[in-house]
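Have a look at the structure below before the remarks.
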Amino acid sequence: MQKKGMSLKLKLICIVIPIVLAMIISYFALARNMVYKMAKEELQAEALGYTEQISGWTNQIFGELQVYQDAIESGIFKNDDEILKYMEGSVEKNDAYPVGLYMGDDAGVYLDGSGWVPGEDWILTERDWYVDGKDNETLAFGEPYYDSMTGQVCVSASVLVDYDKAVRVLATDVYLDYVSGLVKEISETSDVEALLVTKNTQTVIAHIDNDMMAVTLDTDGIDSMYSQISKTISDGKTGFVQVEGSDDTYYVCINPVDHTDWYLVTYVTDKTVLSGLYSMETWMVVIAIAATIILILVIISIMNKVVKPVKEMTRVIDKIAEGDFSQNLDTSSNDEIGRMSSNMQEFISQMRETIGEISQMASFLEQQSVQNGEISESLKVSSESQVEQMNNLEEMVEQLSIAAQDASTQMEQLAELIQKTHIEGEAAESMMQESVEMSQNGKRDMDQIIEGMDNIDKNIDTLSKHMNNVGDIISRIGNMVNMIIEIAEETNLLSLNASIEAARAGEAGKGFAVVAEQIGKLAISSSNATDEISKLTAEIDETVCNAIEYMNYSMAEVQSNVQMVAIASSTFENLYEIINQTGKRVKEMIKLVTKVDTVSQQVEEIFGSQAEATEHIVNSTEELNNHTENVSAGTYTVAENAGELQRESKELMDKISKFRVE
């Protein structure tokens, strides 16, 4: 039973669809990587832009303050009062430091451009701006703090002034409203969030969330993302980094601000980066499903056109493998499959004719074998009857011999037994007449046997010719099978060439490569079918050879039996003559019995001759009986051979009947 496998259509779909899905998945992965790359570049570009803005803002402040520092250190002012008056001009000049400049030294001098006067418990040298400023040879920001009067976050910009009488520090309170505005602008105008943090204490000095102001990054209870950023800054790393937060993954860009120990930290969550991609992926999935359905429909449409003739040819070949040669193929196409169909159709037509001829020959052979069987059976019956008659004849001759011997030994009592001898003579005459008739019947039977043997010889000779014709037809079938094998090999070569061309075509030829592979499998299936046909024809050839062998043996047996029958016929002729002569002598004996007194001597001589003749008859009868038994045995052999020939003919008909041609 043929195993049903996956169809070409389904195979191609199973190959193409995974490839399409793999391409879609690869595209998703590529798109995800591109989104990550674009997000990284956008985050870095945006962070760099805002960092430059903050750096520009700090440079502007430091530039303005540098002017004041240079003027104070130039010596153009005669005393502190003139310096104070100059410092008063800095008040409200810049929104970043609206309270203006102030200056103090370790001698207790404190000058404030805003006019603010400290309390008695206020110690100048303990103020943070002074402690930081005396170590700053250039203007620098200190740590941020909340201004107690305004409640705003600010930092002190301080620098050591060149003054030989005391350690004097010039400073101002810079409010971070502009920086905070930039940080809030980053968070409000994009999906990116930002914060400004100091390097040393890692204190947040700008954040969209006011609760995060003045909070250090390693504070417990906040998102672990901040502690990861703190560790990165502590390690001295800047630029783009990826950190894990409490609820999501963050992509962080850390940029230092020029002339400060500040870092502008911008970051975005993984979900935010991929939010647009999720929407795109949804649409892509919908498009992919639609494209897959369309592709499947296109594949089905194409495969229906390409595979349909291949499937039809496969169906026909399967039927041929089952012995059905009544199938026909469509040979209207001019492509490779059409040419293959034409060759296969030519083979089918030739096989129909060949099988028809073999069927006729096998039918004739079966009829002849039946007739031979009937003739052999009739011959066997005649032989059995002849053997029985010969046995009766032998018994009669033996009785005649005994009677002759008794007559020879009892010649002295001949007178007394003359009447009895006369009666026995008449009985002997009657028996001799029966023997003559039996010998005549035997002769006719032998003639019939000879005629039957001649008919058998003629029939077997005719049968031999037909069997030789069957052998020739089997040879023609073998040639046709070889032609199919060549077609299958050409088809396999064609499939290989198609596979090579498909491989050269790359991705575009993969679908055709599957078709070429299926055509190669079809060629292998055709080759297997021809192998089955070769095996079947080999079996038929073997059966025909066996039948020819039995037929030749039967011919030899028949010819041998013909010779034996001829010998038996000749013997019957001799027996007939002898019995006929014996009958005449018995008649003469009856005539001479009445003259026994005068011719006793002659009777004695006659009986002596009769004894010799009887002995000769006995010997001839035994020899004829042996020949008759040989003839009977030969007829048995002929009957057996005829039966064997009939069985072989029936087996040949059974095998031929497996093929259908209509």
Exercise. Is any NZ, NE, NH1 or NH2 atom of the basic residue among Asp261 and Lys199 found under 4.0 Å from an Asp or Glu carboxylate oxygen of the other?
Worked result: no
For this session: Test side chain to side chain contact (heavy atoms under 4.5 Å, CB included) on Asp80 and Arg168 and set out the steps.
Result: CA-CA 12 Å; Asp80 291 339; Arg168 180 167 287 187; 3.1 Å; yes
For this session: Could you check whether the rings of His207 and Tyr226 sit parallel, tilted or perpendicular, using 30° and 60° as the cut-offs?
Result: tilted
Problem set entry | Nearest-0.5 Å distance that lies between atom CD1 in Ile54 and atom CG in Leu264 | 4.5 Å
Problem set entry | Distance (rounded to the nearest 0.5 Å) between Lys231 NZ and Ile229 CD1 | 13.0 Å
Exercise. Can you list the steps and then say if Thr219 with Thr216 is a side chain to side chain donor-acceptor pair (under 3.5 Å)?
Worked result: CA-CA 6 Å; Thr219 301; Thr216 58; 2.7 Å; yes
For this session: With salt bridge (charged side-chain N to carboxylate O under 4.0 Å, His left out) as the test, would you mind laying out the steps for Lys271 and Asp247 before giving the verdict?
Result: CA-CA 10 Å; Lys271 291 180 180 179; Asp247 300 324; over 6 Å; no
Exercise. With a 4.5 Å heavy-atom cut-off, do Ile186 and Glu193 have their side chains touching?
Worked result: no
Problem set entry | Verdict with supporting geometry, Asn200 and Thr198, side chain to side chain donor-acceptor pair (under 3.5 Å) | CA-CA 6 Å; Asn200 294 330; Thr198 60; over 6 Å; no
Exercise. Can you find a pair of side-chain heavy atoms, one from Val252 and one from Thr266, that are under 4.5 Å apart?
Worked result: no
For this session: For the pair Trp122 and Trp116, name the ring-plane relationship: parallel under 30°, tilted 30 to 60°, perpendicular over 60°.
Result: perpendicular
Problem set entry | Backbone N/O of Asp223 and side chain of Ser227: donor-acceptor pair under 3.5 Å | no
For this session: Would you check if Asp95 and Tyr175 make a side-chain contact, meaning some heavy-atom pair closer than 4.5 Å?
Result: no
Exercise. Would Asn255 and Thr238 satisfy side chain to side chain contact (heavy atoms under 4.5 Å, CB included), going step by step from the backbone distance to the final call?
Worked result: CA-CA 6 Å; Asn255 290 324; Thr238 59; 5.8 Å; no
Exercise. How long is the gap from CG on Leu182 to CG on Asp177, to the nearest 0.5 Å?
Worked result: 11.0 Å
Exercise. Under 30°, 30 to 60°, or over 60°: which ring-plane class applies to Tyr178 and Trp57, parallel, tilted or perpendicular?
Worked result: parallel
For this session: Describe, in one word, how the ring planes of Tyr102 and Trp129 are oriented to each other, choosing from parallel (under 30°), tilted (30 to 60°) and perpendicular (over 60°).
Result: perpendicular
Problem set entry | Trace of the side chain to side chain contact (heavy atoms under 4.5 Å, CB included) decision for Lys237 with Ile254 | CA-CA 8 Å; Lys237 297 179 181 179; Ile254 303 174; over 6 Å; no
Exercise. Going from CE on Met225 to OG1 on Thr249, what distance comes out if it is rounded to the nearest 0.5 angstrom?
Worked result: 11.5 Å
Exercise. Can you check whether Leu176 reaches Val155 side chain to side chain, under 4.5 Å on heavy atoms?
Worked result: yes
For this session: Go through Tyr97 and Asp173 one step at a time and tell me if the side chain to side chain donor-acceptor pair (under 3.5 Å) criterion holds.
Result: CA-CA 6 Å; Tyr97 50 94; Asp173 292 333; over 6 Å; no
Exercise. Are any of the side-chain heavy atoms of Val204 and Leu217 separated by less than 4.5 Å?
Worked result: yes
Exercise. After noting the C-alpha distance and the side-chain angles of Ser158 and Ser156, does the key distance pass the side chain to side chain donor-acceptor pair (under 3.5 Å) rule?
Worked result: CA-CA 6 Å; Ser158 58; Ser156 295; over 6 Å; no
Exercise. So how far is it from Glu143 CD to Asp128 CG, rounded to the nearest 0.5 Å?
Worked result: 9.0 Å
Exercise. Does Asp105 come within less than 4.0 Å of Lys134, counting only side-chain N to carboxylate O?
Worked result: no
For this session: Count the heavy atoms of every other residue, nucleotide or ligand shown that sit under 6.0 Å from CG of Asp248, and state whether that count exceeds 12.
Result: yes
Exercise. Could Asp81 and Lys85 be called an ion pair, given the rule that one side-chain N must be under 4.0 Å from one carboxylate O?
Worked result: no
